[in-house]
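What follows is a short report on a single structure.
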Amino acid sequence: MPEPAESPPVTAVSPARGRVRFVVATVVGLVFFLLPIPAEGQWTILFDLLVSGITEGFPTAVRYYALTAVLVAAALTVGAALQRRGTLSSERFDLRAFGTGPVFTAVRLLGAVLAVMIVFDVGPAAVLDEGVGPMIFSTVVTAVGVIVPIGAVFVSLLLAYGGLDFLGAFARPVMRPVFRVPGRGALDALASFVGSYSVGLYVTNRMYLEGRYSAREAVVLATCFSGVSLGFFAVATATLDLMRFFPVIVGSVLLVCVVLAVVLARIPPLSRIRDDYVADPQPESAPEGSLARAAVRSAVERASNADGVARECFRAVTEGIRLALVILPTILAIGTIAVLVAEHTPLFTWLGRPLEPVIALLGIPDAETVAPASLIGISEVFLPALISTGLVVEAKFFVAVLSLSQLFFFSATIPLLLELDIPIRLRDCITLFFLRTLLAIPLVAGITHVVFLVA
């Protein structure tokens, strides 16, 4: 695990200037991520507009940028392996940040091979099918490659200049007793919900490396609160022709995720993770006196001791690019394999058979299709919606809420989690996916019956 980078000494500014830093940076960050604005007949946020403007306005450039990033990541991974063996000198360039074990080295190299095949349209037809390799590359890899560096810059305004400390002070009375995590974790969840799971996970990883989260807190936040964005909610809901239920689906998913977070934070595997730190511990302290005054005082202190905006943004974009480099080839390789398994094998049909009588017993129609749809989301989060378009409306509602509540899928979040510095293993991800699914099924079934009884 790479150690957090050493930062140069920082000269504190005056409290008055720190207060200005805090207010300006927090307003800019919150406006960028949270302020709803109308665009093309629908509501969105500046972050989504900027990312969409880049990916849709310059598709060819973004495509070759993503290809270059994957190839560079593979080369740096090989270089790190050679340095570790002493074959390549590390005097000029230290590549430890790109080092990994033999399994993920092979995965990243496979990702590089797949990227070349997909971009230049050469290779097996199964991989080049529009619903497999090109889908993963064009909808996930390119998007994450743009989202992470840009999101890192604006997130750094909230992290470095006290916005996180301010929000965390108000969220602490809920987050600490209910979810056993710091109040600061509210920003991780919010970043995922309004921006992207990759931004939320970037926040969690950075906070862990800075010693502001323990190992257990970081893993709980990463696995219980880093869900798909509100924009993807709309995509899945529209695919299932359920837009009239959109607010209900969003509310239902939030309710299910809150209940699951309360439970999963208290049982294995999450409860077994130790509260260790990788940097000097900076645990969240209980506020003294007025909550509002304590929140402002903590935020201003953080802003006063931060670097200048240019240096903080440069550091953030550097970290964002490094994270993008290590996760893009892994997402492409594992995501492509997972979709191939889902599309060309009966694995999820077999796995779903034991769930059929349970789902039927819970009164959900079309159980023979809903059962495999309940599990196929571990390969790609969009697949449950795609295979459920012909179901009756109650079954589609059930599939929508369940799949959007599962959080773990091999096409993006699982490989991303495994490439972060937080201590989580593949078996933990798979265990948590099945725990979330089994716990959520009766809860979502109950919500479905209540919704359609009222409707």
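Between Gln406 and Thr437, the closest heavy-atom pair is NE2-OG1, 3.0 Å. For Leu328 against Gly145, the heavy-atom pair with the smallest separation is CD2-N, 3.8 Å. Taking both residues in full, the closest heavy atoms of Ala412 and Val140 are given as CB-CG1, 3.9 Å, listed atom of the first, atom of the second, then distance. When every heavy atom of Ser156 is checked against every heavy atom of Ala316, the shortest pair comes out as CB-CB, 3.5 Å. The minimum heavy-atom distance linking Ala371 with Glu356 is given by the pair CB-CG, 3.5 Å. Between Ile422 and Ala218, the shortest heavy-atom distance links the atoms CG2-CB, 3.6 Å.
The CG atom of Leu362 sits 10.0 Å away from atom CG of Leu355, with the distance rounded to the nearest 0.5 Å. The CG atom of Leu404 sits 10.5 Å away from the CZ atom of Phe382 when rounded to the nearest 0.5 Å. Of the inter-residue distances, the one linking Ile54 atom CD1 with Leu49 atom CG reads 11.0 Å to the nearest 0.5 angstrom. To the nearest 0.5 Å, atoms OG (Ser405) and CG (Leu443) are separated by 8.0 Å. Expressed to the nearest 0.5 Å, how far OG1 of Thr448 lies from CD1 of Ile441 amounts to 11.0 Å. Atom CZ of Phe104 sits about 7.0 Å away from atom CG of Leu426, to the nearest 0.5 Å.
At least one side-chain heavy atom of Tyr197 sits less than 4.5 Å from a side-chain heavy atom of Leu416. With contacts defined as side-chain heavy-atom distances shorter than 4.5 Å, the pair Val220/Arg180 does not qualify. Between Thr330 and Arg108, some side-chain heavy-atom pair lies under the 4.5 Å cut-off. Thr413 has its side chain out of reach of Ser226: every pair of non-hydrogen atoms, C-beta onward, lies at least 4.5 Å apart. Residues Phe408 and Thr223 meet the side-chain proximity criterion, which asks for heavy atoms closer than 4.5 Å. Put simply, the side chain of Ser252 reaches to within 4.5 Å of the side chain of Val248, judged on heavy atoms. With a 4.5 Å cut-off on side-chain heavy atoms, Leu158 and Thr26 count as touching. Residues Glu312 and Leu159 are not in side-chain contact: their nearest non-hydrogen atoms beyond the backbone lie 4.5 Å or more apart.
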Could you walk me through whether Leu439 and Leu264 pass side-chain contact (heavy atoms from CB on, under 4.5 Å), step by step?
-> CA-CA 10 Å; Leu439 291 170; Leu264 293 174; 4.0 Å; yes
* Verdict with reasoning, Val78 to Leu109, per side-chain contact (heavy atoms from CB on, under 4.5 Å) -> CA-CA 9 Å; Val78 172; Leu109 293 176; 3.8 Å; yes
Requested in this report: Decide side-chain contact (heavy atoms from CB on, under 4.5 Å) for Leu242 and Val393; before the verdict, give the C-alpha distance in whole Å, the side-chain angles of both, and the deciding distance to 0.1 Å.
Outcome: CA-CA 8 Å; Leu242 293 174; Val393 66; 3.6 Å; yes
### Query
When you look at Leu71 and Val116, which way does the side-chain contact (heavy atoms from CB on, under 4.5 Å) test go after all the steps?
CA-CA 9 Å; Leu71 295 178; Val116 172; 3.9 Å; yes
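Within the 3.5 Å criterion, the main-chain N or O of Pro365 finds no donor-acceptor partner in the side chain of Glu394. Side chain of Arg184 to backbone of Arg212: a donor-acceptor contact under 3.5 angstrom is found. For Arg274 (side chain) and Ser214 (main-chain N/O), no donor-acceptor pair under 3.5 Å exists by modelled atom type. Between the side chain of Thr105 and the backbone N or O of Gly101, at least one donor-acceptor pair lies under 3.5 Å. When atom types are taken as modelled, the side chain of Glu380 and the backbone of Phe410 share no donor-acceptor pair closer than 3.5 angstrom. A distance-only check finds a donor-acceptor pair linking the side chain of Asn205 to the backbone of Asp421 [under 3.5 Å]. At least one donor-acceptor pair under 3.5 Å links the side chain of Asp428 to the backbone N or O of Arg425. With hydrogens and angles disregarded, a donor-acceptor distance shorter than 3.5 Å links the side chain of Gln282 to the backbone of Glu210.
When ring centroids are compared, Phe225 and Phe179 come within the 6.0 Å threshold. Phe397 and Phe452 have their aromatic ring centers within a separation under 6.0 angstrom. Here the two rings, on Tyr213 and Tyr208, have centers that are 6.0 Å apart or farther.
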